[in-house]
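Just below is one structure, and these are the notes that go with it.
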Amino acid sequence: MFPKDIRAALIDMDGVMYDSMSHHARAWHQMMAENGITTDPNEYYLYEGMTGAATINLIFQRELHRDATDSEKKDLYARKAEIFTASGRKLPMKGADRMVRAFMNAGIPRVLVTGSAQSSLLNSLDSDYPGAFPHDMRITANDVRHGKPDPEPYLMGAAKAGVSPRQCIVVENAPLGVRAGKAAGCFTVAVTTGPVPREALEKEGADLVFPSMDDFADWLERTLPRHDGLSHRYQELSERLDKAAESLVPATVTIVTDSNVDAAVLPLLNSSATLAKANKVVLTPGEDHKNLDSVAEIWNALEETGATRHSLVVNIGGGLVTDIGGFAAATFKRGIRFINVPTTLLGAVDAATGGKTGINFNGLKNEIGAFHLPSEVIISALPLASLSRREVVSGYAEMLKTGFIADADLYRKLLDVEGVIGDNRRLEEAMKRCVEIKEDVVAQDPTEKGLRKILNFGHTAGHAFESLAIERHKPLAHGEAVAHGMLVELILSHILKGFESSEVNRYASCALKPHYPRISVTCDDIPLLISLMAHDKKNAAAGHPNFTLLLSPGNPVIDCVPEAKDIEAALEIYRDMMC
């Protein structure tokens with residue numbers, strides 16, 4: 001079980017938050033080789049946690065039988081940092097986002113405690129782990145006199161958190177870091193994310209050792225006590241669900257979810273009377289399972305429980321679940337009622353609202369479907385805690401789109417991407433506003449004959465980027481593709497509709513570039529992208545790309561059919577802006 005009385009988490013960076021240690025090892029090895037000193041790249045894993053100056057001095061004492069001068073320490077570390085920075089992007093460690101969210105959900109403050117002063121990684125923390133480590137809750141090599149294995153960094157971390165070391169859990173991946181955590185008097189967890197064997201971590205006294213960050217995150221999610229305020233909020237969400245279901249006086253209730261949501265979210269809704277008495281269908285996640293077999297599974301469950309036209313389906317999950325569950329409800333006995341409880345940001349602001357339901361057929365996405373409006377969509381930011389950052393940011397693109405097409409004030413608020421994502425209250429308010437906008441649009445045009453086309457902003461170009469990425473075997477999330485599609489269509493809006501160029505640049509610099517993966521587009525790709533746009537399923541006439549463009553934020557124009565030369569010009573400008 002999770003230790004009692006833990007009041008703060010002191011978390012290392014390299015090898016814990018980032019899969020960066022191989023880059024560090026190669027950079028140290030290359031820098032030393034450039035100075036005529038032979039070392040083994042793997043040995044630097046053993047020095048992880050030490051300050052750069054201490055590492056340099058250790059090598060000098062061993063190989064040159066003297067201490068390094070202050071000037072040598074400064075110059076050599078600067079060269080090592082240069083090599084490290086040039087070695088490419090360091091990816092977040094798989095599972096680290098779940099670990100951080102588990103601590104956040106439990107109301108446990110986090111302090112970053114790293115022996116590094118590597119600005120390239122420290123500057124990435126806010127975008128990769130929004131809200132995880134406030135700037136006044138970080139201890140780096142620049143803050144300590146004695147780095148790990150000295151206990152000073154972790155003693156300072158405990159002081160930052162305002163608790164005693166005995167009330168802290170340390171998360172480490174290196175023997176010296178474990179030694180420092182134990183010397184400080186903290187409960188110390190080690191995770192074997194590199195070549196250092198488990199035995200080396202146990203030898204330093206690690207209280208628990210996990211084989212991966214995912215395994216550690218699994219343990220945290222199972223054993224961390226829930227924060228009282230958070231438990232209360234889940235209880236409120238359960239009550240909202242019960243109230244919505246009871247108001248419909250259903251003959252029977254069937255829950256549709258998937259195995260991920262069943263494990264991560266449904267246990268938190270254990271106070272819901274609706275869930276307690278309902279039949280449950282647990283689908284296998286993934287687009288491959290968005291098919292007739294899954295629909296038949298729901299139909300069979302409805303039959304087995306004696307469902308009638310007065311029964312209710314409650315879909316709890318992402319877009320796949322709400323699409324399939326909604327389609328099953330639309331077609332069972334010619335249509336029964338359903339409620340959507342979206343658990344993804346994209347699902348909340350897009351798939352769960354508007355009444356579009358469907359499944360994939362013969363390799364075509366949403367080829368079979370029906371328009372069938374949910375009785376209610378229950379919006380909450382709480383389930384988003386189970387998502388990766390990439391999933392959250394992908395869904396955020398649809399929120400930006402909604403602001404662009406209908407609410408300039410909302411769009412400008414959403415430009416503060418980190419501030420909104422890191423604040424559940426602001427995020428939930430923005431989600432609800434997006435749903436209000438979509439519901440209003442759908443009410444005026446339920447079957448997409450006119451106004452509803454404004455919801456396609458960013459999608460014509462976005463679908464083309466999505467297809468290009470698949471051809472390259474580097475698939476993009478839907479929202480990531482739409483984020484890039486919006487820039488292309490903003491540029492087209494500038495060329496054809498006089499949309500302000502300053503707004504185009506603001507979107508690119510504040511929203512797109514800092515938060516979404518780059519797409520490499522060459523001159524040779526442009527004809528292909530135009531061809532893909534020409535074949536988009538939303539075009540009114542085959543071969544003629546149809547766009548929703550903007551006069552200004554909040555002022556859309558539907559059914560714009562630019563000439564190929566204008567699309568080509570927009571893509572060329574896009575390429576220049578993304579360089």
### Task
Using atom types as modelled and distance alone, determine if a side-chain donor or acceptor of Thr322 lies under 3.5 Å from a backbone N or O of Gly319.
yes
### Message
Determine whether a donor-acceptor pair (N or O, by modelled atom type, separation under 3.5 Å) exists between the side chain of Asn57 and the backbone of Ala68.
### Response
yes
### Query
Can you name the side chain to side chain donor-acceptor pair (under 3.5 Å) partners of Ser271, sequence neighbours left out?
Ser238
### Lys432 vs Glu428, salt bridge (charged side-chain N to carboxylate O under 4.0 Å, His left out): CA-CA, chis, key distance, verdict
CA-CA 6 Å; Lys432 289 178 178 177; Glu428 194 166 298; 3.5 Å; yes
## Note on the structure
Tightest non-hydrogen contact, residues Val170 and Gly181, listed as CG2-CA, 4.2 Å
### Message
Distance alone, cut at 3.5 Å: any donor-acceptor contact between the side chains of Ser87 and His23?
### Response
yes
### Query
What closest approach, in Å, do Pro175 and Val196 show between heavy atoms, and which atom pair accounts for it?
CG-CG1, 3.7 Å
### Under 3.5 Å donor-acceptor, Thr257 side chain and Ile316 backbone
yes
### Message
On a heavy-atom basis, which atom in Ser394 and which in Gly479 lie closest, and how many Å separate them?
### Response
OG-N, 3.0 Å
### Query
Under 6.0 Å from the NZ atom of Lys74, do we count more than 12 heavy atoms belonging to anything else shown?
no
### Message
Could you go through Asp19 and Lys94, starting from their C-alpha distance and side-chain angles, then the distance that decides it, and tell me whether this counts as salt bridge (charged side-chain N to carboxylate O under 4.0 Å, His left out)?
### Response
CA-CA 8 Å; Asp19 191 4; Lys94 186 175 181 295; over 6 Å; no
### Query
Any salt bridge between Glu204 and Lys182, counting N to O under 4.0 Å?
no
### Task
May I ask you to say whether Arg426 pairs ionically with Glu429, meaning some side-chain N is under 4.0 Å from a carboxylate O?
no
### Task
Inspect the surroundings of CZ in Arg145 and state if more than 12 heavy atoms from other residues, nucleotides or ligands are less than 6.0 Å away.
no
### Query
Do side-chain atoms of Lys73 reach the backbone of Gly52 as a donor and acceptor pair under 3.5 angstrom?
no
### Query
With under 30° as parallel and over 60° as perpendicular, where do the rings of Trp219 and Phe210 fit, or are they tilted in between?
tilted
#### Entry: Heavy atoms from other residues, nucleotides or ligands near CZ of Arg518 exceed 12 (cutoff 6.0 Å)
yes
### Query
Any donor-acceptor pair under 3.5 Å linking the side chain of Asn340 with the backbone of Ala352?
yes
### Query
Backbone N or O of Ile37 within a donor-acceptor pair of the Asn35 side chain at under 3.5 Å?
no
### Task
Using modelled atom types only, decide if a donor and an acceptor are shared between the side chain of Tyr516 and the backbone of Val393 within a distance under 3.5 Å.
yes
### Message
Looking at Gly347, is its backbone amide N or carbonyl O close enough to the side chain of Thr344 to form a donor-acceptor pair, meaning the two atoms are under 3.5 Å apart?
### Response
yes
### Query
Is Lys148 salt-bridged to Glu172, cutoff N-O under 4.0 Å?
yes
### Task
Decide salt bridge (charged side-chain N to carboxylate O under 4.0 Å, His left out) for Asp136 and Lys160; before the verdict, give the C-alpha distance in whole Å, the side-chain angles of both, and the deciding distance to 0.1 Å.
CA-CA 8 Å; Asp136 61 348; Lys160 280 271 190 188; over 6 Å; no
### Message
Holding to ring pair (Phe, Tyr, Trp, His ring centres under 6.0 Å), I want the full list of residues that pass it with Tyr396, two or more places apart in sequence or in another chain.
### Response
none
### Message
Looking at Arg240 and Ile379, would you say the former's side chain and the latter's main chain have a donor-acceptor pair under 3.5 Å?
### Response
yes
### Task
On the 0 to 90° scale, with breaks at 30° and 60°, tag the Tyr507-Phe404 ring pair as parallel, tilted or perpendicular.
perpendicular
### Query
Parallel under 30°, tilted from 30 to 60°, perpendicular over 60°: which one fits the rings of Tyr44 and Trp28?
parallel
### Task
Please check if the side chain of Asp242 supplies one atom and the backbone of Ala273 the other of a donor-acceptor pair under 3.5 Å.
yes
### Message
Is a donor from one side chain sitting under 3.5 angstrom from an acceptor on the other, for His29 and Glu43?
### Response
no
### Task
Check step by step if salt bridge (charged side-chain N to carboxylate O under 4.0 Å, His left out) holds for Lys243 and Glu236.
CA-CA 10 Å; Lys243 183 178 179 181; Glu236 289 180 340; over 6 Å; no
### Task
Give the minimum heavy-atom separation between Leu400 and Ala511, together with the two atoms involved.
CD1-CB, 4.1 Å
